[in-house]
2 protein chains.
Amino acid sequence: MKRERHEEIWDFEHELAGGGGGPKLILGLDGGTTNTICICMPIIPFTSNHHHSPPVYARAVAGCSNHNSVGETAARETLEQVMAEALSKSGSTRSAVSAVCLAVSGVNHPTDQQRILDWLRDIFPSDVEFFVENDAVAALASGTMGKLHGCVLIAGTGTIAYGYTEDGREARASGAGPILGDWGSGYGIAAKALTSVIRAYDGRGPETSLTSSILHQLQLSSPDELIGWTYADPSWARIANLVPVVVSCAEAGDQVATDILLHAVQELASSVKAVVRRLGLCGKDGKDSFPLVMVGGVLETNRRWDIGKRVISCLVKDFPGTRPVRPKVEPAVGAALLAWNYIIEQSHQEHSDVDYD
Amino acid sequence: MKRERHEEIWDFEHELAGGGGGPKLILGLDGGTTNTICICMPIIPFTSNHHHSPPVYARAVAGCSNHNSVGETAARETLEQVMAEALSKSGSTRSAVSAVCLAVSGVNHPTDQQRILDWLRDIFPSDVEFFVENDAVAALASGTMGKLHGCVLIAGTGTIAYGYTEDGREARASGAGPILGDWGSGYGIAAKALTSVIRAYDGRGPETSLTSSILHQLQLSSPDELIGWTYADPSWARIANLVPVVVSCAEAGDQVATDILLHAVQELASSVKAVVRRLGLCGKDGKDSFPLVMVGGVLETNRRWDIGKRVISCLVKDFPGTRPVRPKVEPAVGAALLAWNYIIEQSHQEHSDVDYD
């Protein structure tokens, strides 16, 4: 399929023509179900430690780029626009780009990857390196400074667990979206909470303070209005926005809300366990140390009822070597670091090739 | 909101002008999530017994008319078109219509009802009687020949339990769609089956024969292709079509498939129980007899693993007076009979008013 031309997106390049001369660039892109972030990073040496963050020239933000959620045409337009904006903001053109690492949710199959690669080749000069991954890969890289090793658990609007071994094997669990049972996701938690309100209302389930809290939050007066509200807009993120209400109800002691969160914890832990077991990240005796990068609103540590902390408690029982990491950079930077590491390694290899010739 | 004009839908009436002279008519309409059926019934006396079916002049079929599923504009166009087609097929015009009973899934709130009523008044002459109900009401009426009493359980693509007492109280349970936990529906059963395949594939759940059976049915080669398949088309009915595969796997002894069906049975029974308890259909001692009208593909009795029969077994434990009814007419006829009963009762009342004057 030939891509639809959006040449006007790149009009800014005409004004910059003749500029250039700066360092070569990497575009790192993190495309989630809620929004898409693109950063532009120069290929200059830096030390990754607590005092130095990787240099970032520019950052651009756009909406959802999951093709399963918004469709392929809309997803591509979002991706192209956000890359152009990041380049434009850093005063550069596509000719300065060395590598693009595009990590997007909804990339689940080699055919998804291939379609996006073909499309990228049509946009950028022929010498650009491309990396197309699921957004989980960028999140892992954001916790390991670009090194692919360990496991990442993302739980925002959606959820996925993804792992990578030093010898290049990879595995994932969940990340199949709301219809296919991502019950630990923000969407899953909120949908269960809405369902509990309906069940209490029609006499199938216990009373819960979720009813008054959710109705108040959405400014509705009766649970049967929830049906219209739910189907008025198919956005997964809109439903997932109710997670803080569920957490508040659990904190206040509501049993239904508590059970929903406990179930989510089990689901999230089971995704990580499946990945760790399949890859043997925990070693033969189950005690090897491995990083577990934790990303996403559901795992944030700012609440008394702390979902992320409970997931870790659940995991260390089986895998005492679980080493939780809260990334210091965002996944889009992780995506760029992934490409950065690859380019640096390649140039080391070229130099050593020369040495041995 | 003024309705969008679709006058061309009614063009056939010009050719029929001056005809008429036949009996007055009722339009009965059953709008489900999968399709919409409209029948046209003359207001002539008939005896409802095993030998006589209600007279039907014409029948028209269209697609989904649930506004939560296809949006309001598409739903209305479908409804208007299917009513025009039924009238046109019976060689009549809107001036011959005495009553319209529109029973559509997705009518969950008085505001839904009011919006559709306003819209109908704009289409039909001012002396037409309108009845706007959830499609569950038509299904109940199809099992009771238009009399509103008892409980109906629908389980097709969606599911709802709805009940009505002789003194006019009503209650419903479920029917809130897939996001809000209708787990006994065809969609719910199939989504759980798809989820089980994903869970087995990524190591979170037990192996199941659902994997090979569903992949074979959909002509896919790997479970990760299920994600693309699932989100390629948001139709609930398309997912629900997988129910026979789940039943076959359960019949062949697959434990995962069996557990999914057992869970659906519990969910369906719990919806009926909630309605029966709230309305007191079972009487004070819980033993009163009441009709339970059973409708929809999930409850059909043509399989060895019989979901409907198991729901009944589950119910009679609590309510020994449960009297299962398999309707002999379709819900669209039930909708028409509902209006028919109302009109006949009203005319009896008018006659008795005359008697006492």
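- When the side-chain contact (heavy atoms from CB on, under 4.5 Å) test is applied to A:Val256, the partners found at least two apart in sequence or on another chain are A:Ser196, A:Pro206, A:Thr208, A:Leu210, A:Asp254, A:Ile260.
- By number of non-hydrogen pairs under 4.5 angstrom with chain A, the leading residue of B:Thr111, B:Thr195, B:Asp112 is B:Thr195.
- A distance-only check finds no donor-acceptor pair linking the side chain of B:Arg172 to the backbone of A:Asp202 [under 3.5 Å].
- At a heavy-atom cut-off of under 4.5 Å, chain A is reached by B:Ser270, B:Ser271, B:Ala274 from residues 269-277 of chain B, listed in order of number.
- Only the side chain of B:Ile198 has a heavy atom closer than 4.5 Å to any heavy atom of chain A.
- The list of side-chain hydrogen bond (donor to acceptor under 3.5 Å, both in side chains) pairs with a residue in residues 230-243 of chain A, not counting sequence neighbours, is empty.
- In this structure the side chain of A:Ser174 reaches within 4.5 angstrom of the side chain of B:Arg204, judged on heavy atoms.
- Interface with chain A: from residues 178-185 of chain B, residues B:Pro178, B:Ile179, B:Leu180, B:Gly181, B:Trp183 qualify, criterion being any non-hydrogen pair under 4.5 Å.
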